Amino acid sequence: MTGFAEQLGLQPGTTEDGRAELDFTATEEHLNPAGAVHGGVLATLVDTAMGLAVRSRTGEDDSPATSQLTITYLRPAKPGELRAVGKIRTQGEHLMVCEAEVLQGEESVVHALATFALLHR
């Protein structure tokens, strides 16, 4: 994971063949003025989970980059434990399409779709 993800406090979980999970504990410092977890924090969770899933299938000479990200916020996330799950839906030579969600308990609070470009060095 990147320094930013580590600084935010993301904890990597299982990563295997096109699927990745990570955990995060949202605290008061991660809230927006309405008292919900800030949308930027949630966007970082899904982007990082999908990025880890993509990296599980790329080589050392590949440099995946998020080229498109669509996030649907389903309900407000509250302080506490969150889990992000990302997976590859379609893999081509130059693009991968991924899907992710953020769960709080059993409820999905965010759903996301992204396209990653595979830049070959």
Side-chain angles (χ1 to χ4, degrees):
M1 285 196 319
T2 65
F4 175 70
E6 290 173 357
Q7 185 177 20
L8 192 60
L10 305 185
Q11 299 296 315
T14 305
T15 300
E16 59 186 7
D17 194 31
R19 187 175 191 283
E21 296 182 5
L22 56 91
D23 296 309
F24 176 69
T25 302
T27 64
E28 298 294 321
E29 68 183 357
H30 302 113
L31 304 182
N32 63 24
V37 177
H38 192 284
V41 171
L42 298 170
T44 298
L45 286 171
V46 293
D47 189 43
T48 303
M50 290 184 285
L52 290 170
V54 167
R55 286 215 174 264
S56 75
R57 284 204 188 154
T58 58
E60 292 292 321
D61 291 336
D62 294 320
S63 182
T66 308
S67 62
Q68 177 273 329
L69 176 63
T70 301
I71 300 172
T72 303
Y73 298 96
L74 304 170
R75 59 184 48 83
K78 299 175 179 147
E81 299 302 315
L82 297 168
R83 170 162 286 193
V85 180
K87 57 188 169 186
I88 297 171
R89 301 292 292 178
T90 305
Q91 181 174 352
E93 184 179 346
H94 299 288
L95 296 174
M96 286 190 192
V97 177
C98 300
E99 184 173 20
E101 68 178 331
V102 175
L103 300 162
Q104 189 156 50
E106 298 297 315
E107 289 194 317
S108 183
V109 295
V110 171
H111 179 264
L113 292 171
T115 302
F116 284 79
L118 297 178
L119 309 173
H120 305 288
R121 291 185 249 165

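Only a predicted model underlies this, so the values are computations on that prediction, with no experimental measurement involved.
- Residues Val102 and Phe24 form no side-chain contact, since every pair of their non-hydrogen atoms from C-beta on lies 4.5 Å or further apart.
- Exactly one residue among Thr58, Asp62, Thr66 makes a side chain to side chain contact (heavy atoms under 4.5 Å, CB included) with Phe116. That residue is Thr66.
- Taken from OG1 in Thr25 to CG in Leu10, the straight-line distance is 10.0 Å, to the nearest 0.5 Å.
- In this structure, Glu60 CD and Arg55 CZ are separated by 8.5 Å, a value rounded to the nearest 0.5 Å.
- Rounding to the nearest 0.5 Å places NE2 of His38 at 13.0 Å from CD of Glu29.
- In this structure the side chain of Leu42 never reaches within 4.5 angstrom of the side chain of Ile71, judged on heavy atoms.
- In this structure, the side chains of Leu103 and Val109 stay at 4.5 Å or more apart for every pair of heavy atoms.
- Across every non-hydrogen atom of Leu118 and Pro64, the tightest pair is CD2-CB, 3.9 Å.
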Residues 73-80, side-chain donor-acceptor partners within the protein, below 3.5 Å, at least two apart:
from, atom 1, to, atom 2, distance (Å)
Tyr73, OH, Gly39, O, 3.0
Arg75, NH1, Ser108, O, 2.5

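- Under a 4.0 Å N-O distance rule, the pair Arg83/Glu81 does not qualify as a salt bridge.
- Side-chain polar atoms of Glu16 and Thr14 form no donor-acceptor pair below 3.5 angstrom.
- In this structure, Asp47 contributes its side chain and Thr44 its backbone to no donor-acceptor pair below 3.5 Å.
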Quiz: residues 86-95 side-chain donor-acceptor pairs under 3.5 angstrom, not counting sequence neighbours:
from, atom 1, to, atom 2, distance (Å)
Arg89, NE, Glu99, OE1, 3.2
Arg89, NH1, Glu99, OE1, 3.4
Gln91, OE1, Arg57, NH1, 3.0

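- Side-chain contact between Met50 and Leu69: present, with at least one pair of heavy atoms (C-beta onward) separated by less than 4.5 Å.
- The two atoms that bring Ala117 and Ser67 nearest to each other are N-OG, 4.0 Å, heavy atoms only.
- For the atom pair CD (Glu101) and CG (Leu82), the distance works out to 12.0 Å, reported to the nearest 0.5 Å.
- Considering every non-hydrogen atom in both Val85 and Arg19, the closest pair reads CG1-NH2, 3.4 Å.
- At least one side-chain heavy atom of Val46 sits under 4.5 Å from a side-chain heavy atom of Val110.
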